[in-house]
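Heads up, the thing below is written out as structure tokens.
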Amino acid sequence: MNVLTIDLGASSGRVMNAGFDGERITLTEVHRFPNKPFRIFDGMYWNVYAIYEEIRLGMTKANSLGAPISGLGIDSWAVDFGLVDSSGHLLTMPGHYRDPRNTVAMSEVIGTVGRHHLFHRTGIQLSPINTLYQLYAAKVSGYPLLDGSETLLLIPNLVSFFLTGQRSAEFTNATTTQLLRAMSLEWDTELMNQLQIPSSILPDVKLPGTVVDVIHDSELTGLSLLSQTKVIHTASHDTASAVVAVPHEDKDYAYISSGTWSLVGTVVDRPVITEQTENFNFTNEGGLGNYRLLKNVMGLWLLQETQAVFQKEDYALSLPKLLHLADTGHPFQFLFDPDDPRLLQPLDMLLMIRQICLETGQGQPVHPGDVVRSILESLALKYRYVLEELEMITGKRYNAIHVVGGGSRNQLLSQFTASATNREVIAGPVEASTLGNAAVQLLALGEIASPDEIQPLIRASVEIRRYVPHQQQAWDEAYNSFRKVMELQRLHSQS
């Protein structure tokens, strides 16, 4: 059996064929393409039509492989959406979660509703990227298309709509919006009414593993192997799909889904909505029959943007070269909190990192190797900080950390993470979102009998790499320094 997985990331997308022989899943990349947001005078947007054309191209290539395609599932980043009118027209390009207007909107929503009330209604961390604040920003700006829309569709559901004409939301992504009531499939219409946001535009919420429809796009139904392909609501938030593919054997485990963002967390049976999770700003996002108790850390966005600045400054350094320079550099010279709000969308990432290091009395990293090492060390130390919070919330100790996603390829960061946390790091699979996407499709198609069969299948399908802690005393001392730097950053931001 073959299913297609469409995995959309904030910087690239890909179409992959997942073949299943009853014992393992084998992935074949069919098509990969860049995904770059664009700016116009009033904000940042995603070119979803260009994305869809690339998806069509990938599906055409998949058809030419000559094997029947039983299912298709889409996963993507969370929170961003398109607005569709009653005739099925997309009213404008989806906005980008990094748009600075969302931060102002979050402050106003908290002032109206209250931080405690917001968290306890939804179980979702307060972050300016959430759909709730994007909608509120649109409402207060007098955005005319909001009144003219009939349906709000998150990115994977918008692509599914293009393919099938069906409008619905999928649970794992819907929870990230901060618009869904905790422990339910119901939108929080009372909250939206209080903020004067139209709740009628939100579609029904479906669980992962639900079949949407067969493909109705006329450009694709003419392709012999796609005409009866079922479009399936997989775990459509890419992190939810990635967590499905964590090759764990213990019931209690910690993970880092490592990519543009780092999602540090564990899996729980029901949302953990307490004063402690509220104070630590953890979130409870939907999963496949469970919830992902996690916290966002800025992630490899810091490295990606810094490398882009180096290229502009005529440092033609590949990522392997940068990592080699970092590996041979001096340890713990420059540390910073990766979650400083100023790092969310700076005009110059390198300049901002140097500024923060200067503010905290460390001087500034100049050599590319020092800059990259400061990013990776700071990420690893922040993972330890978040892991300690997680263990306080759950009352459990996690003896190993599973690192999945593209960041699991970064051997230096994986080793730093093992040493910083004093835990074994189990790295892989790299293609976690794709594997999880495929596994949920196979479950929907009856090829897998229950979710309990997924982890043995994943372990049979992938290779993993293990890292053990080194130089524990040095990392403990660095962690103490890191915590002091975090406090200095916090005080500086308040002044």
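A donor and an acceptor atom, one from each side chain of Thr274 and Thr277, are located under 3.5 Å apart. Inspection of the Ser419 and Gln415 side chains reveals an N or O donor paired with an N or O acceptor under 3.5 Å. Defined by atom type and a distance below 3.5 Å, a donor-acceptor pair is missing between the side-chain atoms of Asn290 and Asp269. Judged by distance alone, the side chains of Tyr255 and Thr266 never bring a donor and an acceptor atom under 3.5 Å apart. Donor-acceptor pairing under 3.5 Å is recorded for the side chains of Asp80 and Gln134. Between the side chains of Asn279 and Glu275, no donor N or O sits under 3.5 Å from an acceptor N or O. Defined by atom type and a distance below 3.5 Å, a donor-acceptor pair is missing between the side-chain atoms of Tyr133 and Glu108. Under the 3.5 Å distance criterion, with hydrogens and angles disregarded, no donor-acceptor pair is assigned to the side chains of Glu190 and Gln194.
For the pair Ser241 (side chain) and Asp238 (backbone), a donor-acceptor distance under 3.5 Å is absent. Judged by distance alone, the side chain of Asp337 and the main-chain N or O of Met486 form no donor-acceptor pair under 3.5 Å. At least one donor-acceptor pair under 3.5 Å links the side chain of Thr360 to the backbone N or O of Ile356. Of the possible donor and acceptor atoms, none in the side chain of Ser199 sits under 3.5 Å from a partner among the backbone N and O of Thr189. Counting only distance, with no hydrogens or angles, the side chain of Arg423 and the backbone of Thr421 share a donor-acceptor pair below 3.5 Å. A donor-acceptor pair under 3.5 Å is formed between the side chain of Asn284 and the backbone N or O of Val272. Checked by atom type and distance alone, the side chain of Glu285 never pairs as donor or acceptor with a backbone atom of Leu293 at under 3.5 Å. Of the possible polar contacts, one joining the Thr172 side chain to the Ser236 backbone as a donor-acceptor pair under 3.5 Å is found. A donor-acceptor pair under 3.5 Å links the side-chain atoms of Asp340 to the main chain of Arg342, judged by distance alone. A donor-acceptor pair is defined here as one N or O able to donate and one able to accept, closer than 3.5 Å; no such pair exists between the side chain of Arg292 and the backbone of Val243.
In this structure, Leu135 and Leu152 have side chains that are in contact, with non-hydrogen atoms separated by less than 4.5 Å. A 4.5 Å side-chain heavy-atom check between Ile129 and Asn102 finds every atom pair outside the cut-off. Trp77 is listed as a side-chain neighbour of Ile155, based on a closest heavy-atom distance under 4.5 Å. With a 4.5 Å cut-off on side-chain heavy atoms, Lys382 and Phe482 count as touching. When side chains are defined from C-beta on, Phe119 does not count as touching Thr283, because their heavy atoms never get closer than 4.5 Å. With a 4.5 Å cut-off on side-chain heavy atoms, Leu179 and Asp188 do not count as touching. Side-chain contact between Thr131 and Gln178 is absent, with no heavy-atom pair separated by less than 4.5 Å.
Interatomic distance, CG of Leu335 versus CD of Gln489, reported as 10.0 Å (0.5 Å rounding). Distance CG/Leu303 to CG/Leu413: 9.0 Å, rounded to 0.5 Å. With rounding to the nearest 0.5 angstrom, the OG1 atom of Thr306 is 12.5 Å from the CG atom of Leu317.
Within 6.0 Å of NE2 in His324 there are 12 or fewer heavy atoms belonging to other residues, nucleotides or ligands. Heavy-atom contacts from other residues, nucleotides or ligands closer than 6.0 Å to CZ of Arg98 number more than 12.
Checked against the 6.0 Å centroid threshold, Trp46 and Phe38 do not count as a close aromatic pair.
Annotation: cation-pi pair Arg384/Tyr479 present, NZ/CZ under 6.0 Å from the ring centroid and within 45° of its normal.
Below 30°, between 30° and 60°, or above 60°: for Tyr253 and His248 the angle between ring planes is below 30°, a parallel geometry.
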